[in-house]
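What follows is one structure encoded as structure tokens, with my remarks underneath.
As the structure is a prediction and not an experimental result, all values here were calculated from the model. What you see below is based on every heavy atom in this structure, not just the backbone, and it leaves out hydrogens, waters and symmetry mates.
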Amino acid sequence: MGLAKRHKIKILAWICVTALAAHCIPLGMTQAAGSAGKENKSGNNENVRALYEEYNVRFDAVENRDDITEYGFEIVDIHIFPVQYEIDDQKEMETELVRQMKAEPDADIKELKMNLEAPLLMIPAYDKTYNRLALFFVDEADRIAYKTDRFETNSCSIGQMQQPKQELVSVAFQDLNGDTLTDIILITSCEVGEGKKYRIGDVLFQDTEGLIFYRDYRISDKINRFGMNQNTDSITAFVRDGYSTEFLYTAVTLKELQQHGFQIIAEQCYSRTFGKLGKLQVVPGTYRIADYDVFMIYLVNEQDYILSALQPMGDYDNLYALKGINCRDIDGDGLKDIVVLAKYSYENEEHQLAVKSDYSIYYQRTNGFSADTEIKKRYQCSEEDTMQTVVEQARAYWGWKTEDD
């Protein structure tokens, strides 16, 4: 069968299934599903199934490079990359690319990558209707050798086709399971509302039987559930080298934390009485994974048991410096709260290392501590701010006139 004829058949199949899907959607939903990907908020499973079938027809119809955009996918040009089967060949190719970039600093990076010889070209793309990420691997004849859309990032909104606005921020190639083949690490950044973003990590292993990539959802779950999704180095350290931050969230005692390598910041470690919670030791510290220090604070009772675990580091990559921890009543309920001021390092939007001062406030409640979500909307601290400044600003929010009243 000729290429043109096969192409017509694919288009006809797409039209037929799209029409069938539209027929299954209640009146008023057809236009939203076709143009903006809006879904039935009632959670009707039949509607979601119809939308998924329509999407799958388009995804399955992509057989050549030109089909990617024709069937509704928008290519992420900056992350197109040639792929070698063997990891040693991949690293040699990446080294050659870096050499060319240094030799021709004004050259177009995309053009340099396209000139590298490799059996496959990895093309990331987002479905323009539902904002779902897909990877297409194109051979030298521009045919799709392999494709997949089985990613954790496509399940941000569980049970829905439409996913939040997101971008592919990082791609890395490693041998993660010791078989000398090239595996792929992906990190996406998803908007979760109010200008906040959340990173999601995923790993694709290359199969030894042929050019097939598979994903272990259990690995993806741990990468994202235990905060190892901020950078590709941390993911590599976990998947390839066996380091993990899981114990930071599951440990029961301070002794257990230390046995797994948690390093206490002794100069900021002290005991305070927290009302009905009793006398607790405030234990800040770090755990090093790859080249990053993960920062946590634990509230530990006199029997060495952990009552609360605080995560002031948020989505930053690394603790740069702990500037102070202050325990005092912030919201005027008579109970001691906790204020943390620190400097953190992270990768900015230009993919450069940056350092920023930030603070966190935790209010004491009857069953533990609750993180502030209101004051930081109004006050962002500067690099010159001290702990006293932050405490005064926080207490002023709750109506305290001076730092000591």
Side-chain angles (χ1 to χ4, degrees), residues 3 6-7 10 14 55-97 109-128 130-154 163 166-177 179-188 200-217 219-220 232 235-236 239:
L3 179 61
R6 290 203 310 270
H7 196 62
K10 288 194 297 181
W14 178 25
Y55 162 80
N56 268 337
V57 168
R58 291 190 287 108
F59 180 71
D60 292 341
V62 178
E63 295 182 356
N64 297 280
R65 184 172 180 174
D66 290 343
D67 293 343
I68 297 174
T69 54
E70 182 172 345
Y71 287 102
F73 292 87
E74 184 174 0
I75 294 174
V76 185
D77 288 329
I78 192 174
H79 288 301
I80 295 177
F81 211 97
V83 179
Q84 300 281 357
Y85 299 123
E86 301 283 341
I87 191 62
D88 288 342
D89 294 337
Q90 183 72 25
K91 295 304 179 185
E92 285 182 14
M93 186 174 63
E94 291 177 14
T95 301
E96 173 61 19
L97 176 61
I109 297 177
K110 180 182 176 182
E111 185 176 339
L112 292 178
K113 288 193 292 186
M114 295 304 101
N115 291 334
L116 295 173
E117 293 185 5
L120 292 173
L121 196 64
M122 186 192 78
I123 302 180
Y126 277 100
D127 174 53
K128 289 189 287 187
Y130 303 114
N131 210 35
R132 302 174 71 88
L133 176 65
L135 282 189
F136 299 96
F137 293 85
V138 181
D139 64 18
E140 295 174 348
D142 277 351
R143 293 173 302 206
I144 305 297
Y146 182 74
K147 56 188 173 183
T148 182
D149 64 346
R150 301 296 179 90
F151 299 114
E152 190 83 4
T153 190
N154 290 338
Q163 296 302 310
Q166 54 183 288
E167 62 174 325
L168 183 58
V169 296
S170 186
V171 178
F173 302 92
Q174 296 282 354
D175 174 15
L176 295 171
N177 54 3
D179 60 2
T180 74
L181 299 178
T182 300
D183 305 316
I184 302 172
I185 301 172
L186 303 170
I187 297 178
T188 58
I200 298 178
D202 247 320
V203 171
L204 291 178
F205 298 97
Q206 186 181 161
D207 198 299
T208 56
E209 299 299 322
L211 184 63
I212 298 174
F213 289 89
Y214 62 92
R215 169 180 169 269
D216 189 328
Y217 75 91
I219 290 176
S220 296
T232 58
I235 294 176
T236 299
V239 181

### Query
Within a strict 4.5 Å, meaning less than it, do heavy atoms of the Leu135 and Leu204 side chains meet?
yes
### Message
Taking Val62's backbone N and O only, do any of them form a donor-acceptor pair with Lys147's side chain (distance below 3.5 Å, no angle check)?
### Response
yes
### Summary
Rounded to the nearest 0.5 Å, the CZ atom of Arg58 sits from the CD atom of Glu70 at a distance of 12.0 Å
### Task
Supply the atom-to-atom distance Gln174 CD to Ile87 CD1, rounded to the nearest 0.5 angstrom.
6.0 Å
### Task
Show your reasoning for whether side-chain contact (heavy atoms from CB on, under 4.5 Å) applies to Gln90 and Val83.
CA-CA 7 Å; Gln90 183 72 25; Val83 179; 4.0 Å; yes
### Query
Between Phe137 and Phe213, how do the two ring planes meet: parallel, tilted or perpendicular, split at 30° and 60°?
parallel
### Query
What is the distance from atom CD1 of Ile219 to atom CD1 of Ile235, rounded to the nearest 0.5 Å?
11.0 Å
### Message
In terms of relative ring orientation, are Phe173 and Phe81 parallel, tilted or perpendicular, with 30° and 60° separating the classes?
### Response
tilted
## Note on the structure
CG of Asp88 to CD of Glu92, rounded to nearest 0.5 Å, is 7.0 Å
### Query
With a 4.5 Å limit on heavy-atom distance, are the side chains of Gln206 and Asp183 in contact?
yes
### Message
Take a 6.0 Å sphere around CD1 of Ile212 and say whether it holds more than 12 heavy atoms from other residues, nucleotides or ligands.
### Response
yes
Side-chain donor-acceptor contacts of residues 114-126 below 3.5 Å, not counting sequence neighbours, with atom names and distances?
unit_1	atom_1	unit_2	atom_2	d
Asn115	ND2	Glu111	O	3.2
Tyr126	OH	Gln166	OE1	3.4
Tyr126	OH	Leu168	N	3.4

### Task
Give a yes or no answer on whether the side chain of Thr153 reaches the backbone of Ile200 with a donor-acceptor pair at less than 3.5 Å.
no
### Query
Looking at residues at least two apart in the chain, or sitting in another chain, which of them share a side-chain hydrogen bond (donor to acceptor under 3.5 Å, both in side chains) with Thr148?
none
### Task
Please test Glu86 against Thr180 for side-chain hydrogen bond (donor to acceptor under 3.5 Å, both in side chains), starting from the C-alpha separation and ending with a verdict.
CA-CA 6 Å; Glu86 301 283 341; Thr180 74; 3.2 Å; yes
### Message
Tell me whether Lys113 contacts the main-chain N or O of His79 through its side chain, where contact means a donor paired with an acceptor under 3.5 Å.
### Response
no
### Message
If you count heavy atoms of other groups shown closer than 6.0 angstrom to OH of Tyr217, is the number above 12?
### Response
no
#### Entry: Short side-chain to backbone donor-acceptor contact, Gln163 and Asn131, under 3.5 Å
no
### Query
Ignoring hydrogens and geometry, is there a side-chain-to-backbone donor-acceptor pair from Asp175 to Asp179 under 3.5 Å?
yes
### Task
Take Leu97 and Met93, measure what side-chain contact (heavy atoms from CB on, under 4.5 Å) needs, and give me the verdict at the end.
CA-CA 6 Å; Leu97 176 61; Met93 186 174 63; 6.0 Å; no
### Query
Distance from Leu176 atom CG to Leu181 atom CG, nearest 0.5 Å?
11.0 Å
### Query
Should Ile187 and Val169 count as side-chain neighbours, where that means a heavy-atom distance under 4.5 Å?
yes
### Message
Keeping Asn154 on the side-chain end and Asp149 on the backbone end, is there a donor-acceptor pair under 3.5 Å?
### Response
yes
### Query
For Thr69, does its backbone N or O pair with a side-chain atom of Lys128 as donor and acceptor, under 3.5 Å?
no
### Full working for side-chain contact (heavy atoms from CB on, under 4.5 Å) between Arg215 and Asp202
CA-CA 8 Å; Arg215 169 180 169 269; Asp202 247 320; 2.7 Å; yes
### Message
Can you tell me if Asp66 has over 12 outside heavy atoms packed within less than 6.0 Å of its CG?
### Response
no
### Task
Of all the heavy-atom pairs spanning Phe59 and Ala134, show the shortest one and how long it is.
CE1-CB, 3.9 Å
#### Entry: Qualifying residue for ring-ring contact (aromatic ring centres under 6.0 Å, His included) with Phe136, from Phe73, Tyr146, Tyr71
Phe73
#### Entry: Any side-chain heavy-atom pair of Ile68 and Ile75 under 4.5 Å
yes
#### Entry: Within 6.0 Å of CD in Glu74, more than 12 heavy atoms from elsewhere
no
